[in-house]
Amino acid sequence: MAEETATAAVLVRKEPDREVLEEAFQVKVDAETRIEPKDWMPDAYRKNLIRQMSQHAHSEVVGMLPEGNWLTRAPSLKRKAILMAKIQDEGGHGLYLYSAAETLGITRDQMYDQLLDGSAKYSSIFNYPTLNWADIGAIGWLVDGAAITNQIALCRCSYGPYARAMVKICKEESFHQRQGYDIMMVMAEGTAEQRRMAQDALNRWWWPALMMFGPHDAESAHTSQSMKWKIKRSSNDELRQKFIDATVPQAEYLGLTIPDDQLAWNAAEGKYDWGEIDWDEFRNVVNGNGLCNRERLETRRKAHEGGQWVREAALAYAEKRQQRAASAPEKKEI
Amino acid sequence: MTDKAPLHELPLFEVFIRSKNGLHHRHVGSLHAADAEMALTAARDVYTRRSEGVSIWVVRTKDITASSPEDRGPFFDPNEDKMYRHPTFYDLPDEVGHM
Ligand SMILES: [Fe+2]
Ligand SMILES: [Fe+2]
């Protein structure tokens, strides 16, 4: 009898209705319970995450290219080894993020395709060229610095795999920023020419670094829903301000000037006032017309296509080995 | 997650690392590789760049059998009503001391 009722219960069990599911989901998010891959989630939450996480992964990978430009021309073996290690980390970050995104049901190949056909974006900072060695210092200091500000906030993201990837990435990032600042310190204390290069690098990277935080909150298409779902934990403007407040004293220490004539300490509010981002430039670069957009994608495409035979060979080799193992006389288990 | 990965995509592996002797292996992430041996080398390269481990396991993701979140209630239910498995179920007088 008990069994019969159980069967009947299964038969009449209806799919819970979407509104109920969505409400339960939001309760979970509000209670800071992490969402895990197989948990029910609204389609829009999944989509939003896939967009943000794949974009983040692409940024790590494309981010290797501007720095790669200086690998063969680093001024010493020490700097070369450090830069190599830093770039290798970024490749790893890409991998952690791609893997985390894959738990949402998109494949790695789909993500690569979206990057290469231009339908997925990556951080537009990487569409700027690295013109002198001090740029490598400025990237570590400012670009990784801005990335860290963003990523620390994401360590508390509601989606478990994303939050865990962020924790791991943040542990590795602090080396990136410190090696960059270390380069800037050496340049800023160096010859007049080296100081000029350091200032030039700061002049070119400052505003693009501020753009990394995205549009103002009022103009940000995804912010409010993302905040409600705790995909984002702080708004673009909050994070940008945090970055500015932390970075201005660091520039002062170097004796370099931040290229913003409206920059001033606001004692009443305990923060820096600053000028305005050139949003036309921002939109232009996002829309594919930055100095290096085409070159970056072309390099990625070549690297991906060029690696195709390696992946095929690895698979063929794995298959051959498996067949050999299958036909070999049986080994004794030990 | 999807089983219908296109042919040219390398299989997915889950990576587990023992950070030092005396601790369990812990899941740290995943990666694509042609076979287990190559997965192991790749896992060493990406997940232990700063001596994070002394031992690595790799497992084909598709070989993992997982409980499903929808059954979370019924699947784990049998444990919920067995409070007598917990030490706090038993009221002992203070005189017996810590037990
Ligand atoms: Fe990174
Ligand atoms: Fe970095």
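Numbered from 1 within each chain, the chains take letters A, B, ... in sequence-line order.
With sequence neighbours excluded, no residue forms a salt bridge (charged side-chain N to carboxylate O under 4.0 Å, His left out) with A:Glu23.
With a 4.5 Å cut-off on non-hydrogen atoms, A:Arg321 touches chain B through its side chain but not through its backbone. Contacts of A:Lys171 with chain B are absent, with no heavy-atom separation under 4.5 Å from either backbone or side chain. Using a 4.5 Å cut-off between heavy atoms, A:Tyr112 makes no contact with chain B at all.
Contacts from residues 30-41 of chain B to chain A, taken as heavy-atom pairs separated by less than 4.5 Å, involve B:Ser30, B:Leu31, B:His32, B:Ala34, B:Asp35, B:Glu37, B:Met38 in sequence order. Heavy-atom neighbours of chain A within the stretch residues 49-59 of chain B, taken at a separation under 4.5 angstrom, comprise B:Arg49, B:Arg50, B:Glu52.
The two residues A:Gln88 and B:Asp45 come nearest to each other via the heavy atoms NE2-O, 4.5 Å. Here the closest non-hydrogen pair linking A:Thr107 and B:Glu9 is CB-OE1, 3.6 Å. Contact between A:Leu95 and B:Tyr47 at its shortest, heavy atoms only, is CD2-OH, 3.5 Å.
Other residues, nucleotides and ligands contribute only 12 or fewer heavy atoms inside 6.0 Å of the CG atom of A:Asp43. Annotation for A:Arg18: atom CZ does not count as buried by contact number, only 12 or fewer foreign heavy atoms lying within 6.0 Å. Counting heavy atoms of neighbouring residues, nucleotides and ligands inside a 6.0 Å radius, atom CD of A:Glu319 does not exceed 12 of them. No more than 12 heavy atoms of other residues, nucleotides or ligands lie within 6.0 Å of CD in A:Gln322, so this atom counts as exposed by the packing criterion. The neighbour count for A:Glu19 CD, taken as heavy atoms of other residues, nucleotides or ligands under 6.0 Å away, does not exceed 12.
Looking at A:Ser99 and B:Leu12, their side chains never come closer than 4.5 Å, going by heavy atoms from C-beta outward.
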With a cut-off of 3.5 Å and sequence neighbours excluded, list every side-chain donor-acceptor pair involving residues 13-22 of chain B.
from	atom 1	to	atom 2	distance (Å)
B:Glu14	OE1	B:His27	NE2	2.6
B:Glu14	OE2	B:Thr61	OG1	3.0
B:Arg18	NH1	B:Leu23	O	2.5

